[in-house]
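Notes to accompany the following structure.
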Amino acid sequence: MPITPGYQFASDNCAGICPEAWEALRQASEGYAPGYGDDSWTARASDLLRELFETDCQVFFCLTGTAANSMAIGHLCQSYHSVICHRYAHLETDECGGPEFFTNGTKILLAGGAHGKMDVEQVRDLVERRQDIHYPKPRVLSLTQSTEMGTTYKAAEIAALADFAHRRDLHLHMDGARFANAAAALETAPKDLTWKAGVDVLCFGGTKNGMPVGEAVIFFDRNLAEEFDYRCKQAGQLASKMRFLAAPWVGMLQSGAWLERARWANRCAMKLSGELTALPNVRILHPVEANAAFVEDARSLIQQRTSK
Ligand SMILES: *Cc1c(COP(=O)(O)O)cnc(C)c1O
């Protein structure tokens, strides 16, 4: 796909690097530093994340969201377990079987729900339908924040899912590739959208927030993180020059750019959807609650506009 000058609406992946992340990268490149995460940038980024979430969580940095999700699920599940997520979750539709691969066979069970959000009753049905030894034992409930459809879960909705999950002995995983957009949209403190609501593990996305590359896997329950460092290394996710994964987090968190940029992206999606709705025969498919707007039959709309 050629990238033309001007705006590119396809995905947040098409954007460049935030100046704050870029400047931190530049600074991290001055002089020498120990490898494999034993450097001051990695320590600082981890501390800033603990400050942000206001808790003593355990933090690991890796390269992609697929790796973050797959390793987190791989760490929480045995091969005979199952993970429940939304039918349209990235975990199910866009990770090429990564979670199944890293768990050696954990089955993904799919729940429905409007606008990309899991319906608690459908989750309940998947868990309670069978409790015998012939059914893969549900072990993790995974939700995406903001969702693949550009909607968000409010703190109380997360708490309801977490409450159900914990009572059935399931862990709650959050795919937060766009967690920043959700936090900005909901104007809710990060702790209230995560551990206080019952999230056990968060995969916090840096890439779509404006970093060149990098995600953070955050364990709010430190016991669950035992030996996760070995998993990262085995998965090829322990970067030797870890400081370059960590520095952009320092730049974004220290300056507050992580939230400011997410707010801006959300406002732009709202503006875009507002202007599109004003055109004849254009329908927006899901409530625009974060930084994405889904348009029905966008291809014909683009053809119409460009042929004029
Ligand atoms: C982009 C994205 C990811 C991570 O994708 P990678 O391409 O592996 O970095 C994970 N979850 C969701 C919902 C995403 O949109």
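Just follow the structure's listing: the first ligand is 1, and inside any ligand the first atom is 1. All figures in this text were calculated on a predicted structure; none of them were measured in a lab.
Counting only heavy atoms from C-beta outward, the side chains of I108 and C85 approach each other to under 4.5 Å.
The nearest protein atom to atom 5 (O) of ligand 1, hydrogens excluded, is given as H90 CE1, 3.4 Å; this is a heavy-atom distance. Nearest protein neighbour of atom 9 (O) of ligand 1, counting heavy atoms only, is G65 N, 2.9 Å. Taking atom 1 (C) of ligand 1 as the reference point, the nearest protein heavy-atom neighbour is K208 NZ, 1.2 Å. In terms of protein heavy-atom proximity, atom 8 (O) of ligand 1 is nearest to T66 OG1, 2.5 Å. Protein heavy atom nearest atom 11 (N) of ligand 1, with residue, atom name and distance: D175 OD2, 2.6 Å.
Atoms of ligand 1 lying under 4.0 Å from any heavy atom of A177, numbered from 1 in the order shown and given with element: 2 (C), 3 (C), 10 (C), 11 (N), 12 (C), 14 (C). Close approach to T64 involves these atoms of ligand 1, each under 4.0 Å from a residue heavy atom: 8 (O), 9 (O). Listed by number with element, the atoms of ligand 1 under 4.0 Å from a non-hydrogen atom of E148 are 13 (C).
Contact detail for H81 and T106: the closest heavy-atom pair is O-CG2, 3.2 Å. Pairing each heavy atom of F164 with each of R124, the nearest pair is CZ-CA, 3.4 Å.
Neither side chain, E20 nor S255, offers a donor N or O lying under 3.5 Å from an acceptor on the other. A side-chain donor-acceptor contact under 3.5 Å links N69 and H173.
Contacts of T144 with ligand 1, taken as heavy-atom pairs under 4.0 Å, involve the side chain alone. Contacts with ligand 1 closer than 4.0 Å are made by side-chain heavy atoms of R178 only, the backbone lying farther away.
The existence of a salt bridge linking E23 and R26 is confirmed by a sub-4.0 Å separation between a basic side-chain nitrogen and an acidic carboxylate oxygen.
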Could you give me the CA-CA distance, side-chain angles and deciding distance for K117 and E157, then say whether side chain to side chain contact (heavy atoms under 4.5 Å, CB included) is met? CA-CA 10 Å; K117 289 165 70 175; E157 294 173 312; 3.1 Å; yes

